[in-house]
Amino acid sequence: MPELPEVETTLRGISPHIENKCVTAIIVRQHKLRWPVPVKQLKEQFVGQTILDLKRRAKYLLLECESGTLIVHLGMSGRLRILTNAPPAQKHDHIDIEFSNNKILRYTDPRRFGAVLWMTENPEEHILLKNLGIEPLDKKFNGKYLLEKFKNKNIAVKTAVMDHHIVVGVGNIYAAESLFLAGIHPLAPAKSLTLFQLEKLSKAIKTILRQAIKQGGTTLKDFTQSDGKPGYFVNKLNVYGRGGKPCISCKSKLTSLKIGQRSTVYCDKCQCSPALEKPL
DNA sequence: CAGAATACCTGCGGGC
DNA sequence: TGCCCGCAGGTATTCT
């Protein structure tokens, strides 16, 4: 799935094509996504509207119109593309949104874990958005913030950084990469980490996410940028998907295990256990 | 309450 | 070649 960099890449890719453009039609071929697509409401309230602004909050894309906001989540396998001469819809091309400039925004999602919703009120108040934690690229996201949020958390730090009530947008790939960069063991209990380590971790998360955005995200299977090109950050992955292979830094064999049902790869040598780690 | 397990869905690769 | 299993970028909901 798209994590934050993939969603950001999608936002930047589609914005220039549809900002200030009018929605002329919507075709919903499959309404059973994570939640039912509100087809009737979209036809009545979204069609005919102009996209005034496009935003991202966590991994949600927000297409704001005067009458409301289209909320899109890509789930695990969703993607959005801009098409000019739209080829016939394939099996998993669930939704087409047509614009006044003849461009089509096509939503494709084989696993259907994504969502397309409509919110007439302030989208930040949507039930799915209002309890989300802060944005990782916000300057308020730092070591001090994590120290406060982690103080009673006994769970593995990897699980904790993936908890969107704490910080949004960090999924399985970037959690593993950030912990490697910060030299922190993914199984370390969140509350055991020092301010120094959490400062390092928050910086590592920002660094990794910024790099990934620059590379157009990470393409493993489904994800493509809105123009159909893959994301190139996949070439920069140091640990994710590299279990058993040599650490790029110390050459020792990377360990692979499950943490909270999610596969996790780390280097035993470079990501030391918190009890052993000392500030540099 | 925190934390763990489960659920949603399709497709693919590996092992037999 | 084909079947069965486990696995995949997420996260709300249900359980213990």
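No experiment lies behind these values; they were computed from the predicted model shown. Lettering of chains follows the sequences in order, A, B, ..., and the numbering in each one begins at 1. Excluded from the calculations below are hydrogen atoms, water molecules and symmetry mates; all remaining heavy atoms, backbone and side chain alike, are included.
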Provide the distance between the two C1' atoms, one in C:dA12 and one in B:dG11, to the nearest whole Å.
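About 23 Å, rounded to a whole number of Å.
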When the P atoms of B:dA5 and C:dC7 are compared, how many Å lie between them, rounded to an integer?
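C:dC7 and B:dA5 have their P atoms separated by 15 Å.
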Can you measure [X] atom [atom1] to [N] atom [atom2] for me and round it to whole angstrom units?
| X | N | atom1 | atom2 | answer |
| --- | --- | --- | --- | --- |
| A:Phe150 | B:dG3 | CZ | C1' | 15 Å |
| A:Arg262 | C:dG6 | CZ | C1' | 15 Å |
| A:Asp109 | C:dG10 | CG | C1' | 11 Å |
| A:Met76 | C:dG6 | CE | P | 17 Å |
| A:Ile173 | C:dG10 | CD1 | C1' | 12 Å |
| A:Glu3 | C:dG10 | CD | P | 4 Å |
| A:His165 | C:dA12 | NE2 | P | 6 Å |
| A:Arg34 | B:dT6 | CZ | C1' | 11 Å |

With under 30° as parallel and over 60° as perpendicular, where do the rings of A:Tyr60 and A:His73 fit, or are they tilted in between?
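Ring orientation, 0 to 90° scale: perpendicular.
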Could you please name the option among [options] that lies closest to any side-chain atom of [X]?
| X | options | result |
| --- | --- | --- |
| A:Phe113 | B:dC8, C:dA12, C:dA8 | B:dC8 |
| A:His164 | C:dT11, B:dC8, B:dT6 | C:dT11 |
| A:His73 | B:dA5, C:dT11, B:dG3 | C:dT11 |
| A:His92 | B:dG3, B:dG11, B:dT6 | B:dG11 |
| A:Met162 | C:dG10, C:dA8, B:dT10 | C:dG10 |
| A:Leu128 | B:dG11, C:dA12, C:dT11 | C:dA12 |
| A:Arg112 | C:dA8, B:dT10, B:dC8 | B:dT10 |
| A:Tyr240 | B:dC9, B:dG11, C:dA8 | C:dA8 |
| A:Gln261 | C:dG10, B:dG3, B:dT6 | B:dT6 |
| A:Ile155 | B:dA4, B:dC8, C:dA12 | B:dA4 |

N/O (side chain, [X]) to phosphate O (OP1/OP2, [N]) under 4.0 Å:
| X | N | answer |
| --- | --- | --- |
| A:Lys153 | B:dG3 | yes |
| A:Ser263 | C:dA8 | yes |
| A:Lys258 | C:dA8 | yes |

Can we say A:Lys149 and A:Asp163 salt-bridge, meaning some charged N sits less than 4.0 Å from an Asp/Glu carboxylate O?
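So A:Lys149 does not pair with A:Asp163 through a salt bridge.
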B:dC9: pairing nucleotide in any strand, Watson-Crick or G-U under 3.5 angstrom
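None - no nucleotide pairs with B:dC9, as no candidate has both distances under 3.5 Å.
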Using a 4.0 Å heavy-atom cut-off, does A:Tyr60 contact any base of the nucleic acid, only the sugar-phosphate backbone, or nothing at all?
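Sugar-phosphate only.
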What's A:Lys91 touching, base or sugar-phosphate or nothing? Going by heavy atoms closer than 4.0 Å.
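The answer is sugar-phosphate, as A:Lys91 gets under 4.0 Å only of primed atoms, P, OP1 or OP2.
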No-hydrogen, no-angle side-chain donor-acceptor test under 3.5 Å, [X] and [Y]:
| X | Y | result |
| --- | --- | --- |
| A:Thr84 | A:Lys103 | no |
| A:Ser263 | A:Tyr240 | no |
| A:Arg81 | A:Thr108 | yes |

Do the ring centers of A:Phe150 and A:Tyr145 come within less than 6.0 Å of each other?
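Judged by ring-centre distance (under 6.0 Å), A:Phe150 and A:Tyr145 do not meet the cut-off.
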So which one's nearest nucleotide on DNA chain B is more toward 5', A:Ala156 or A:Arg111?
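Result of the comparison: A:Ala156.
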Using heavy-atom distances to pick each residue's nearest nucleotide on DNA chain B, tell me which of A:Lys32 and A:Gly260 is more 5'.
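Between the two, 5'-proximity favours A:Gly260.
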CG of A:Leu195 to NZ of A:Lys200: how many Å apart, nearest 0.5 Å?
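That separation rounds to 12.5 Å.
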